[in-house]
Amino acid sequence: MRLCFISTGGAIRGVIAEAIAKKMSKEALLNMEIFSAGVEPLQEVPKQVIDVLEEKGYSVEEIKPRSLEDVSYEDADIIITLSTEARDKSPYMHTHKRREHWILEEIKDVSDLQALRKLRDQIEENVVSLFKIR
């Protein structure tokens, strides 16, 4: 099973969702390939995003912004878009078995750690619901 999170820049919402889903799927013994991409990928993940993920023990080793061309988008079973731009710019493929759109606030100021923590916690709740765990 392949799960792809798609956001606008692929450096905040997408990588947070990827890191959380990877850890939770492993803990739940789910056999999943999880990745993220941005429709307009940024160059790097902000340090503050890495910090709020590390606060809760999420691995940040492999997270980086990627474009749709850099991931197995066509082969994904589940597509979850995390921004309006991602929803509108991610082509529908007949190979996708499920597609969802999560409404998440865009973080404009990455120095606002409280906003990043709130986003991380909201994504955690969404992933728990998606995987039907806890």
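Side chains are part of it too, since the values below use all heavy atoms of this structure and drop only hydrogens, waters and symmetry mates.
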Notebook entry, point to check: Should we count CD of E105 as having more than 12 external heavy atoms under 6.0 Å?
Noted result: no
Margin query: Main chain of L82, side chain of R13: is a donor-acceptor contact present, judged purely on distance under 3.5 Å?
Written below: yes
Next item on the list: Measure up the H96 and Y73 rings against each other and bin them: parallel (under 30°), tilted (30 to 60°), perpendicular (over 60°).
Entry: perpendicular
Note to self: Applying side chain to side chain contact (heavy atoms under 4.5 Å, CB included) to V49 and L116, what does each step give before you reach the verdict?
What the structure shows: CA-CA 7 Å; V49 171; L116 285 173; 4.1 Å; yes
Next item on the list: Compare every heavy atom of V45 with every heavy atom of K64, then report the nearest pair and how far apart it is.
Entry: CA-CG2, 3.9 Å
Next item on the list: Report whether I78 and M93 are members of the same hydrophobic cluster (ILVMFWY, side-chain heavy atoms less than 4.5 Å apart, transitive linking).
Entry: no
Next item on the list: Compare all side-chain heavy atoms of L119 with those of I12 and state whether any distance is below 4.5 angstrom.
Entry: yes
Item checked: Distance in Å, I123 CD1 paired with I16 CD1, rounded so as to fall on 0.5 Å steps -> 5.0 Å
Notebook entry, point to check: Can you tell me how far the CG atom of L68 sits from the CD1 atom of I79, to the nearest 0.5 Å?
Noted result: 8.0 Å
Check: Do Q48 and S111 come close enough that some side-chain heavy atom pair is under 4.5 Å?
Finding: yes
Notebook entry, point to check: Between E18 and R66, does at least one N-O distance fall below 4.0 Å, as a salt bridge requires?
Noted result: yes
Check: If you take all heavy atoms of G14 and F5, which pair is closest and at what distance?
Finding: O-CB, 4.3 Å
Check: Between Y92 and R99, is there a cation-pi geometry (under 6.0 Å to ring centre, at most 45° from the normal)?
Finding: yes
Note to self: So which atom in A19 and which in Y58 form the shortest heavy-atom distance, rounded to 0.1 Å?
What the structure shows: O-CD2, 3.7 Å
Next item on the list: Identify the heavy atoms of A37 and V71 that sit nearest to each other, and give their distance.
Entry: CB-CG2, 4.0 Å
Next item on the list: Determine which pairs satisfy salt bridge (charged side-chain N to carboxylate O under 4.0 Å, His left out) with at least one residue from residues 67-77, sequence neighbours left out, and list them in order.
Entry: D77-K97
Next item on the list: Using the side chain to side chain contact (heavy atoms under 4.5 Å, CB included) rule, take M32 and K26 through it: C-alpha gap first, then chi angles, then the decisive distance, then the call.
Entry: CA-CA 8 Å; M32 298 186 81; K26 186 176 181 178; over 6 Å; no
Item checked: Option from R120, R117, K23 for which side-chain contact (heavy atoms from CB on, under 4.5 Å) with K56 holds -> R120
Check: Do F35 and L42 sit in the same hydrophobic cluster, where Ile, Leu, Val, Met, Phe, Trp and Tyr count as joined when their side-chain heavy atoms come under 4.5 Å apart?
Finding: no
Checklist line | Nearest heavy-atom neighbours spanning S67 and P41 | finding: CB-CG, 3.6 Å
Check: Which residues satisfy the salt bridge (Lys or Arg N to Asp or Glu O under 4.0 Å) test with K118, sequence neighbours excluded?
Finding: none
Note to self: For the backbone of R87 and the side chain of S90, can you confirm whether one donor and one acceptor N or O come within less than 3.5 Å of each other?
What the structure shows: no
Check: Side chains of S36 and I6: does their closest heavy-atom pair fall under 4.5 Å?
Finding: no
Check: Are I103 and V39 connected in a single hydrophobic cluster, I mean Ile/Leu/Val/Met/Phe/Trp/Tyr linked by side-chain heavy atoms less than 4.5 Å apart?
Finding: no
Next item on the list: Could you tell me which non-hydrogen atom of V15 sits nearest to which non-hydrogen atom of G10, and how far apart they are?
Entry: CG1-O, 3.2 Å
Next item on the list: Before giving the answer on side chain to side chain contact (heavy atoms under 4.5 Å, CB included), spell out for I63 and L53 the whole-Å C-alpha distance, their side-chain angles and the decisive distance to 0.1 Å.
Entry: CA-CA 11 Å; I63 65 168; L53 286 169; 3.8 Å; yes
Notebook entry, point to check: Atom CZ in F131, atom CD1 in I20: separation rounded to 0.5 Å?
Noted result: 10.5 Å
Next item on the list: Examine I34 and M24 and state if one hydrophobic cluster contains both, with Ile, Leu, Val, Met, Phe, Trp and Tyr joined whenever side-chain heavy atoms are less than 4.5 Å apart.
Entry: yes
Margin query: If hydrophobic clusters are built by linking Ile, Leu, Val, Met, Phe, Trp and Tyr wherever their side-chain heavy atoms come under 4.5 Å apart, do L30 and L130 end up in the same one?
Written below: yes
Margin query: For a salt bridge (Lys or Arg N to Asp or Glu O under 4.0 Å) check, start with the C-alpha distance between E106 and K108, then their side-chain angles and the critical distance, and finish with the verdict.
Written below: CA-CA 6 Å; E106 181 179 359; K108 296 196 185 286; 3.6 Å; yes
Checklist line | Pair D51 + K47, salt bridge at N-O below 4.0 Å | finding: yes
Item checked: S129 side chain vs E125 backbone, donor-acceptor pair below 3.5 Å -> no
Item checked: Heavy atoms from other residues, nucleotides or ligands near CD of E100 exceed 12 (cutoff 6.0 Å) -> yes
Margin query: When you compare the side chain of E54 with that of V60, does any pair of heavy atoms fall below 4.5 Å?
Written below: yes
Item checked: Spatial distance of atom OG1 (T8) from atom CG (D88) [nearest 0.5 Å] -> 9.5 Å
Check: Yes or no on side chain to side chain contact (heavy atoms under 4.5 Å, CB included) for L104 and Q122, after CA distance, side-chain angles and deciding distance?
Finding: CA-CA 8 Å; L104 301 171; Q122 182 183 7; 3.4 Å; yes
